[in-house]
Novice: 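What follows is a structure written as C-alpha cells; I'll ask about it next.
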Amino acid sequence: MKYVPFVFIIVLFWSCSQTDATSNAIAPVPRDTSITIQNAYSELFIDSLSVENFLAKEVTSDSTVQRIRNFYNSRNFAFAWFNKEGLTLQAEGFWNAHDNYINNSGDSSIYDKQLHSIMDTLLSEDSLYQVNKDRLRLTELRLTKHFFDYVNTAYGASADPEDMQWHIPKRKLNPSAWLDSLLSAKHGDWKPLNRQFYLLEDAGIKYRSIEKNGGWMVLEKPTKKLKKGSSSKIITDLKKRLAMVSAYTETDTSALFTDALQMAVKKMQDVYGLTQNGVVDAALINELNVPVGDRIKQIFVNLERMKWMPEQPQDYIVANIPEYRFRVFENGQEALGMDIVVGKSANRTVVFSDELKYVVFSPYWNIPRSIVRNEIYPAMQRSSSYLRRNNMEVTANSNGLPVVRQKPGGSNALGLVKFIFPNTYNIYFHDTPAKSLFGRDKRAFSHGCIRLHQPFELAKYLLRNDDAWTDASIQKAMNSSKEKWVTLSQPLPVFITYFTSWVDGEGLIHFREDIYGHDKKLGSHLFE
C-alpha cells in the first residue's frame, strides 16, 4: 500500500460477534413478504429479476452476490437509497462519508465514474425525475454494491494483526450489519465509529494541513534548560511552534518565558509522556522536532490498530504498553488509573486479551526457567547464601536446573499481591518493591509482567462488593507470610494494548515512543 498523508478508513470497536467481511460462507436469507408498501422503508420496490440480472452482469464476488441478494430479500425488494422524493438522507450520508474517504486518503480504487456522475447530478439538483426507471433501478443496485465495496476497502484490515505481534482477537466486520445501521440512522447522520476515532481523525487532518503548509520549524536546542522568567530567541520560536498545534493560544511571541508559555509547555510534556514541570529541556525539543510527516504516519499506524480492536464491554481493564498506564473502566467510564512498569525490550510484554479471575495475596514468585538459567542459577553457583539472602527456595529439579521460587514477603519481586488472568504468555499484574521506577518517564524494566503503582487500590476495587474484604483485611492478607488466592465472583476482561498515539478528553493528541518497534514493523507493511 502506498503511503498517503492521512487516511479516513478506521472502524473502531465493532462487535467481535459479527461475520467476517471476507467470508464466503454466507447463509441465504429468505424473502420477507411481511414488508409491504405500507410499512417499507421506501415506497419504491425493485423486481427480483432485475436484481438477479444485475448480479449476473456486474458482481463477480460470490460473497457480495449473496450479501446483495440477502439484503433485498430481507426487505422484500424495497429500495434502500431512494424514495418517491429522490435520494434519501441516508444515501446522502453514505455518499458524504464515501467522498471524505476518497478525498482524505487519495485511494481511488473504488471510484466508479458512471456512478459518481449520476450521484453528482442527484446531489446537486436533488432530482429523481431526471433519471428514468431503468437507470433508477441500476443506480439503486450499484449504490448497494458500492457500499459493500466501500466497507471492505475502507474498513478492512490492511495487515494481519498476528503478524504484527497483536494477539487480541480481531474485530470482525459485517458489511450487511453496517448497511442496516446506515439505513436506520436518523437524519442521515451515519457515524458508526467510536468517538476516539473521530478525534484522532480530526488531529490527523490538522497535521495534514500543517504538512501541506510546509511543516513546522526545527527548534534550536537550548544550551541550558528554559523555565518561567527565562529570555531567549528560542522562546519566540517555541511559542510559534506550540501555537501550530493549539497548545499556545496567546498572541505574545516575545522572547520572554511567560506563565502562558509554561502552561503550554506542560501540555506538550503531557502529550509526549514527559514529566510536567513546565521546563524546556532537550527531551521536549527532541519530541517537538519530529517531522510532521512522521507524526502523520504514527497516527495512521494507530488507526490501523484501532480497526483490529474488538468491541469493548462496559466493564474492563486496559493496560497500554507505550503509555505505561493502566485503567479500569466501569460502565464505560474510567474508575481507576495508575502508572505501570512494562517489559523491557528484551522481555517484551505481549499484546493480548484475557479475563482477570484471581487476586493472590502474599504471593510466591515461581521464577521462570529462563530467569533461573540466566540469572538465579549462576548466582547460586557463585554464593551458597544467595537463596537465603533473597528469601528463595528450591522446590525441585528439572532437566538439570533447580526449580526456584521466592517466598512471600516485602522483598518478593511480585510485592504483596498479584492479579492473575490465566494465559499462555505467563503475564500478570503485580505489586513491586522497586517503587522508585514509577518516578521515571520511561518505565520498561520488567521481565514481561506488568508492575502496578497502586496494587492495593486495584485489590480494593476488585473486592469492593464483598463485605469480608475491608481495607484492614486486604492489608492483613497482603502482609501475611502465607499465600492466599481469592477468586473473583465476576471475571473482568483485560486488554493489553499497544497504542502510541491517541486523543485525550481535552482534545490533545498524544504520542509515545515505539519502545518495541511495533510501529516500525507495521509502518513498513503499510507504507512500503
Novice: Between Lys145 and Glu58, does any NZ, NE, NH1 or NH2 come within less than 4.0 Å of an OD or OE carboxylate oxygen?
Specialist: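 Here Glu58 does not pair with Lys145 in a salt bridge, since their nearest N and O are not under 4.0 Å apart.
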Novice: With the side chain counted from C-beta on, respond yes when Ile427 and Ile496 share a heavy-atom pair under 4.5 Å apart, and no when they do not.
Specialist: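 A side-chain contact is absent here, since even the closest heavy-atom pair is not under 4.5 Å.
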Novice: Under the rule for salt bridge (charged side-chain N to carboxylate O under 4.0 Å, His left out), what residues qualify as partners of Glu43, not counting sequence neighbours?
Specialist: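 Glu43: no salt bridge (charged side-chain N to carboxylate O under 4.0 Å, His left out) contacts found.
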Novice: Asp112: which residues meet the side-chain hydrogen bond (donor to acceptor under 3.5 Å, both in side chains) condition with it, sequence neighbours left out?
Specialist: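 Once residues adjacent in sequence are excluded, Asp112 has no partner under the side-chain hydrogen bond (donor to acceptor under 3.5 Å, both in side chains) criterion.
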Novice: Apply side-chain hydrogen bond (donor to acceptor under 3.5 Å, both in side chains) to Tyr461 and Gln454, showing your working.
Specialist: CA-CA 11 Å; Tyr461 175 85; Gln454 298 170 292; over 6 Å; no
Novice: Under 6.0 Å between the ring centres of Trp95 and His146?
Specialist: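 Between Trp95 and His146, the centre distance is under 6.0 Å.
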Novice: Over all heavy atoms of both residues, which pair between Leu462 and Leu492 is shortest? Give the atoms and the distance, please.
Specialist: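 Of all heavy-atom pairs spanning Leu462 and Leu492, the closest is CD2-CD2, 4.0 Å.
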Novice: Quick one: does Glu457's side chain have a donor or acceptor within less than 3.5 Å of a partner on Met338's backbone?
Specialist: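 Here the side-chain-to-backbone pair does not exist.
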Novice: Any salt bridge between Asp32 and Arg75, counting N to O under 4.0 Å?
Specialist: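 A salt bridge is absent here (no side-chain N lies under 4.0 Å from a carboxylate O).
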Novice: Establish, from distance only, whether the side-chain atoms of Thr275 and Asp441 form a donor-acceptor pair under 3.5 Å.
Specialist: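 Distance-only check passes for Thr275 and Asp441.
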Novice: Is there a side-chain contact between Lys307 and Ser158 (heavy atoms, below 4.5 Å)?
Specialist: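 Answer yes - side chains close enough.
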Novice: Inspect the contact between Glu506 and Lys267 and indicate whether a charged nitrogen and a carboxylate oxygen are less than 4.0 angstrom apart.
Specialist: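 Salt bridge flag = no for Glu506 with Lys267.
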Novice: Classify the ring geometry of Phe71 against Phe148: parallel below 30°, tilted from 30° to 60°, perpendicular beyond 60°.
Specialist: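 Aromatic pair Phe71/Phe148 classed perpendicular.
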Novice: Quick check, are the ring centers of Tyr316 and Phe329 under 6.0 angstrom apart?
Specialist: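 Between Phe329 and Tyr316, which both carry aromatic rings, the centre distance is below 6.0 Å.
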Novice: Hey, is the main chain of His116 close enough, under 3.5 Å, to the side chain of Tyr111 for a donor-acceptor pair?
Specialist: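 Judged by distance alone, no pair lies under 3.5 Å.
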Novice: For residues Asn70 and Ala27, report the shortest heavy-atom separation together with the two atoms involved.
Specialist: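 Nearest heavy atoms, Asn70 then Ala27: ND2-O, 2.8 Å.
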Novice: When you check the gap from the basic side-chain N to the acidic O, do Arg137 and Asp134 get nearer than 4.0 Å?
Specialist: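 Between Asp134 and Arg137 there is a salt bridge, with a charged N closer than 4.0 Å to a carboxylate O.
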Novice: Nearest 0.5 Å please: distance from the OG atom of Ser74 over to the CZ atom of Arg69.
Specialist: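 If I round to the nearest 0.5 Å, the distance is 13.0 Å.
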Novice: I want to check something: taking the side chain as every heavy atom from C-beta on, are Lys206 and Asp202 in contact at a cut-off of under 4.5 Å?
Specialist: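 When only atoms from C-beta onward are counted, Asp202 and Lys206 do not touch, as no gap falls below 4.5 Å.
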Novice: Taking all heavy atoms of Ala157 and all of Trp308, pick out the closest pair and write down the distance.
Specialist: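 Closest approach of Ala157 to Trp308: CB-NE1, 3.7 Å.
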Novice: Could Arg171 and Glu311 be called an ion pair, given the rule that one side-chain N must be under 4.0 Å from one carboxylate O?
Specialist: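 Salt bridge absent between Arg171 and Glu311.
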Novice: Would you say Tyr272 and Leu288 make side-chain contact, with heavy atoms under 4.5 Å?
Specialist: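 Tyr272 reaches Leu288 side chain to side chain.
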Novice: Ignoring hydrogens and geometry, is there a side-chain-to-backbone donor-acceptor pair from Lys521 to Asp163 under 3.5 Å?
Specialist: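 Between the backbone of Asp163 and the side chain of Lys521 there is a qualifying donor-acceptor contact (under 3.5 Å).
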Novice: Is the side chain of Asn289 donor-acceptor paired with the backbone N or O of Leu219 at a distance under 3.5 Å, no angle test?
Specialist: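 The answer is yes, because a donor-acceptor pair under 3.5 Å joins these two groups.
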Novice: What's the shortest heavy-atom distance between Ser501 and Met306, and which atoms?
Specialist: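 Result for this residue pair: O-CE, 4.4 Å.
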Novice: For Phe94 together with Phe147, are the ring centres under 6.0 Å from each other?
Specialist: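 For Phe147 and Phe94, the ring centres are under 6.0 Å apart.
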Novice: Can you label the angle between the Tyr155 ring and the Tyr150 ring as parallel, tilted or perpendicular, going by 30° and 60°?
Specialist: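 Rings of Tyr155 and Tyr150: perpendicular, over 60°.
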Novice: Hey, do the aromatic rings of Trp166 and Phe499 have their centres closer than 6.0 Å?
Specialist: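 Aromatic pair counts; centres sit under 6.0 Å.
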Novice: Assess the side chains of Arg348 and Gln165: does a donor N or O sit below 3.5 Å from an acceptor N or O?
Specialist: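 Short answer, no.
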Novice: Establish, for the pair Arg295 and Phe511, whether the NZ or CZ atom is under 6.0 angstrom from the six-membered ring centre and no further than 45 degrees off its axis.
Specialist: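 That pair qualifies as a cation-pi contact.
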Novice: Compute whether any side-chain donor of one residue and acceptor of the other, for Asn423 and Tyr428, lie under 3.5 angstrom apart.
Specialist: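 Side-chain D/A pair, Asn423 to Tyr428: absent.
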Novice: For Phe326 and Ile317, which heavy atoms make the closest approach, and how far apart are they?
Specialist: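 Nearest heavy atoms, Phe326 then Ile317: CE1-CG2, 3.4 Å.
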Novice: Heavy atoms, side chains only, cut-off 4.5 Å: are Phe352 and Val494 in contact?
Specialist: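 Counting from C-beta outward, Phe352 and Val494 never come under 4.5 Å.
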Novice: Got a sec: does the CD of Glu162 have more than 12 other heavy atoms crowding it under 6.0 Å?
Specialist: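 More than 12 within 6.0 Å, yes.
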Novice: For Arg31, is there any backbone N or O sitting under 3.5 Å from a side-chain donor or acceptor partner on Asn76?
Specialist: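 Pair absent, no side-chain N/O of Asn76 close to backbone of Arg31.
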Novice: Can we call the ring centroids of Phe79 and Tyr41 under 6.0 Å apart?
Specialist: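 Between Phe79 and Tyr41, the centre distance exceeds or equals 6.0 Å.
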Novice: Between Asn152 and Gly156, is there a donor-acceptor pair closer than 3.5 Å when you use the side chain of the first and the backbone of the second?
Specialist: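 Such a contact is absent between Asn152 side chain and Gly156 backbone.
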Novice: Looking only at heavy atoms, what is the nearest atom pair of Ile35 and Ala40, with distance?
Specialist: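 Where Ile35 meets Ala40 most closely, the heavy atoms are CG2-CB, 3.7 Å.
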Novice: Evaluate the criterion salt bridge (Lys or Arg N to Asp or Glu O under 4.0 Å) for residue pair Lys239 and Asp252; output intermediate values, then yes/no.
Specialist: CA-CA 8 Å; Lys239 289 177 178 178; Asp252 168 40; 2.8 Å; yes
Novice: For a quick check under 3.5 Å, do Tyr101 and Thr153 share a side-chain donor-acceptor pair by atom type?
Specialist: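 Side-chain D/A pair, Tyr101 to Thr153: absent.
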Novice: Give a yes or no answer on whether the side chain of His510 reaches the backbone of Asp270 with a donor-acceptor pair at less than 3.5 Å.
Specialist: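 Between the backbone of Asp270 and the side chain of His510 there is a qualifying donor-acceptor contact (under 3.5 Å).
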Novice: Counting only N and O atoms by type, is there a donor-acceptor contact under 3.5 Å from the side chain of Thr349 to the main-chain atoms of Gly448?
Specialist: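 Side chain of Thr349 to backbone of Gly448: a pair is present.
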Novice: Do other residues, nucleotides or ligands put more than 12 heavy atoms under 6.0 Å from the CE atom of Met263?
Specialist: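 No, CE of Met263 has 12 or fewer neighbouring heavy atoms, counting only those of other groups under 6.0 Å.
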Novice: Does any pair with a residue in residues 325-337 pass salt bridge (charged side-chain N to carboxylate O under 4.0 Å, His left out), and if so which ones, sequence neighbours excluded?
Specialist: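 Only Glu323-Arg327, Arg325-Asp339, Arg327-Glu334, Glu330-Arg464 qualify under salt bridge (charged side-chain N to carboxylate O under 4.0 Å, His left out).
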Novice: Check whether any side-chain heavy atom of Leu508 sits under 4.5 Å from a side-chain heavy atom of Val245, and report yes or no.
Specialist: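 They are not in side-chain contact.
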Novice: Between Phe421 and Phe429, is the ring centroid distance below 6.0 Å?
Specialist: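 Judged by ring-centre distance (under 6.0 Å), Phe421 and Phe429 do meet the cut-off.
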Novice: Check whether the side chains of Thr500 and Asn302 place a donor and an acceptor atom closer than 3.5 Å, and report yes or no.
Specialist: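 Side chains of Thr500 and Asn302: pair found under 3.5 Å.
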Novice: Is there a donor-acceptor pair closer than 3.5 Å between any side-chain N or O of Asn53 and the backbone N or O of Ser50?
Specialist: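 No; zero donor-acceptor contacts below 3.5 Å.
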Novice: Please assess Val280 against Leu261 for the test side-chain contact (heavy atoms from CB on, under 4.5 Å), listing each intermediate value before the final yes or no.
Specialist: CA-CA 10 Å; Val280 177; Leu261 180 58; 5.9 Å; no
Novice: Do Trp81 and Thr88 pair up side chain to side chain, a donor and an acceptor below 3.5 Å, judged on atom types alone?
Specialist: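 Thr88 and Trp81 do not have a side-chain donor-acceptor pair below 3.5 Å.
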Novice: Do any N or O atoms from the side chain of Ser42 and from the backbone of Ala80 form a donor-acceptor pair under 3.5 angstrom?
Specialist: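 Here the side-chain-to-backbone pair does not exist.
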Novice: Could you please spell out the steps behind the side-chain contact (heavy atoms from CB on, under 4.5 Å) verdict for Phe300 and Leu526?
Specialist: CA-CA 9 Å; Phe300 181 51; Leu526 297 177; 3.7 Å; yes
Novice: Determine whether Val342 and Arg443 make a side-chain contact, defined as any pair of heavy atoms from C-beta on separated by less than 4.5 Å.
Specialist: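 No - every pair of side-chain heavy atoms lies 4.5 Å or more apart.
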Novice: Inspect the contact between Asp519 and Arg512 and indicate whether a charged nitrogen and a carboxylate oxygen are less than 4.0 angstrom apart.
Specialist: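 A salt bridge is absent here (no side-chain N lies under 4.0 Å from a carboxylate O).
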Novice: Do Phe54 and Leu138 have side-chain heavy atoms sitting under 4.5 Å apart?
Specialist: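 In short, these two side chains touch, coming nearer than 4.5 Å.
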Novice: Take Tyr207 and Met244, measure what side-chain contact (heavy atoms from CB on, under 4.5 Å) needs, and give me the verdict at the end.
Specialist: CA-CA 9 Å; Tyr207 275 53; Met244 297 180 76; over 6 Å; no
Novice: When you check the side-chain N and O atoms of Asn320 and Thr497, is any donor under 3.5 Å from an acceptor?
Specialist: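 Per modelled atom types, Asn320 and Thr497 side chains form a pair under 3.5 Å.
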Novice: Rounded to the nearest 0.5 Å, how far does OH of Tyr425 lie from CG of Asp354?
Specialist: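 Going from CG on Asp354 over to OH on Tyr425, the span is 9.5 Å.
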